[in-house]
A.B. asks: 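Sharing a structure, written as structure tokens. Questions coming.
Every value quoted in this text rests on a predicted model; they were computed, and no experiment measured them. Atoms within each ligand, like the ligands themselves, are counted from 1 in listed order. Heavy atoms only: backbone and side chains are in, while hydrogens, waters and symmetry mates are out.
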Amino acid sequence: MREHGAAKTDVVTLGESMILFQSADDKSIAYAGQFAKSVAGAESNVAMGLTRLGRSVRWISRVGKDPFGEVILQTLRGEGVDVACAVQDAEAPTAVYFKEMTWSGDPNVYYYRKGSAASRLSPADIRDEWFADAGHFHVTGITPALGEHTAEAVIQAMKLARSKGLTVSFDPNLRRKLWTEETARTTLLSMLEHCDIFMPGLEEAEFLLGPGTEEEYGRRFLERGPSIVVIKLGAQGSIAFTADAVVEAEGHKVDQVVDTVGAGDAFAAGFLSVMVDALRLDPPQQTEQLHTALKRANVMGAIATQFRGDWEGLPKLEELELILSGTQQVTR
Ligand code: KDG
């Protein structure tokens, strides 16, 4: 068992949140007359998914000193996330993005985030207090793509978190619109040695390592540093690899997918809600927890595909437990 005092904050996460606009009636952006406004961002989605599952979370970022920045902070606060370490920048705006539903597959996404407050994150911003009294740090591969110094900053934060006894998870969250393939591949691979849990989707694994089987990806990512590699297989579920175990869980069936964006973050929230404690156990006990974590993660990911926003429809812990036990919820 790894030594670490009881943490007041279960998970710390760092990344950009944006104001999201979606056509109110699902028309294409060019023809939409009205847009619905909400908050989105991979790391804040994970943060809010986790607080709904009863975990304490600190979210760190930079937003503009503008109404959109206020909305983001208020939304996160309203969901019980600690935003005390987030900085409001008077010189740069909060980013926005537009999501457009397509007749098939993933939605189109249009970002307006160049020069945003979060893109100006640099190693000089990193503070010891981010990790005070905390157990785990979660990052994604979006933040390193945002600005000149953001990759350096995220890697430094991962190192600092570990030096303070936190465990670290990393979701590559490949966003091809944000950087070149070459830079994305090199940077994302270089981050692997600084994490304990790595959680790519199957396509991301292929992007990073080229063609291969799930087992080959599991083994090759483990060789680069993490002690757990979780590969997300979409509707098929997920599979986790450790040095001495392979654990699989079937996907949670849904009749129809409404919006895939946010499913990976919901998956991460479900998985981490179990593993942040389990990571402190000895390997055999950790492996026992992996199946529970994957099952939770699969259901969370499936639920996130059932509504249009990234996180608003995510369940509370009691609701998730009812779904996992196959019990019908009494609603009236
Ligand atoms: O994972 C969902 C995110 O992609 C979405 O909320 C927006 O953070 C975002 C991004 O950078 O794409």
A.B. asks: Counting only heavy atoms not in Lys177, do more than 12 fall under 6.0 Å of its NZ?
C.D. replies: yes
A.B. asks: Using a 4.0 Å cut-off to any heavy atom of Asn45, which atoms of ligand 1 qualify?
C.D. replies: 2 (C), 6 (O)
A.B. asks: Taking CD in Glu223 as the centre, count heavy atoms belonging to other residues, nucleotides or ligands within less than 6.0 Å. Is the count above 12?
C.D. replies: yes
A.B. asks: Would Asp265 count as a polar contact of ligand 1, with the cut-off being nitrogen or oxygen pairs under 3.5 Å?
C.D. replies: yes
A.B. asks: Tell me the protein heavy atom at minimum distance from atom 4 (O) of ligand 1, and give that distance in Å.
C.D. replies: Arg175 NH2, 2.7 Å
A.B. asks: Can you tell me which residue and heavy atom of the protein come closest to atom 6 (O) of ligand 1, and the distance to 0.1 Å?
C.D. replies: Asp310 OD2, 2.4 Å
A.B. asks: Considering only heavy atoms of Ile142, which atoms of ligand 1 have at least one such atom less than 4.0 Å away?
C.D. replies: 8 (O), 10 (C), 11 (O)
A.B. asks: Would one find an N or O of Ala42, backbone or side chain, under 3.5 Å from an N or O of ligand 1?
C.D. replies: yes
A.B. asks: Select the closest option to atom 11 (O) of ligand 1 among Glu16, Glu43, Arg113, judged by heavy-atom distance.
C.D. replies: Arg113
A.B. asks: State, yes or no, whether a side-chain contact exists between Val57 and Asp82 at a heavy-atom distance under 4.5 Å.
C.D. replies: no
A.B. asks: Do Lys99 and Phe35 meet the cation-pi criteria used here (NZ or CZ under 6.0 Å from the six-membered ring centre, within 45° of the axis)?
C.D. replies: no
A.B. asks: Considering only non-hydrogen protein atoms, determine which one is nearest to atom 9 (C) of ligand 1 and report residue, atom name and distance to 0.1 Å.
C.D. replies: Met18 CE, 3.5 Å
A.B. asks: Is any side-chain heavy atom of Val96 closer than 4.5 Å to one of Leu20?
C.D. replies: no
A.B. asks: Mark up the atoms of ligand 1 that fall under 4.0 Å of a heavy atom belonging to Val261, in ascending order.
C.D. replies: 2 (C)
A.B. asks: Indicate whether any N or O donor in one side chain lies under 3.5 Å from an N or O acceptor in the other, for Gln88 and Glu70.
C.D. replies: yes
A.B. asks: Does a donor on one side chain and an acceptor on the other come within less than 3.5 Å for Asn298 and Ser238?
C.D. replies: yes
A.B. asks: Can you confirm whether Glu203 is buried at CD, in the sense that more than 12 heavy atoms of other residues, nucleotides or ligands lie under 6.0 Å from that atom?
C.D. replies: no
A.B. asks: Check whether more than 12 heavy atoms from other residues, nucleotides or ligands sit under 6.0 Å from atom CZ of Arg185, and answer yes or no.
C.D. replies: yes
A.B. asks: So if I count the atoms of ligand 1 from 1 in the order they appear, which ones are less than 4.0 Å from some heavy atom of Ala40?
C.D. replies: 6 (O)
A.B. asks: Please state which protein non-hydrogen atom is closest to atom 12 (O) of ligand 1 and give its distance, to 0.1 Å?
C.D. replies: Tyr111 OH, 2.5 Å
A.B. asks: If the contact criterion is a heavy-atom separation under 4.0 Å, does Gly41 count as touching ligand 1?
C.D. replies: yes
A.B. asks: Tell me the protein heavy atom at minimum distance from atom 7 (C) of ligand 1, and give that distance in Å.
C.D. replies: Tyr97 OH, 3.4 Å
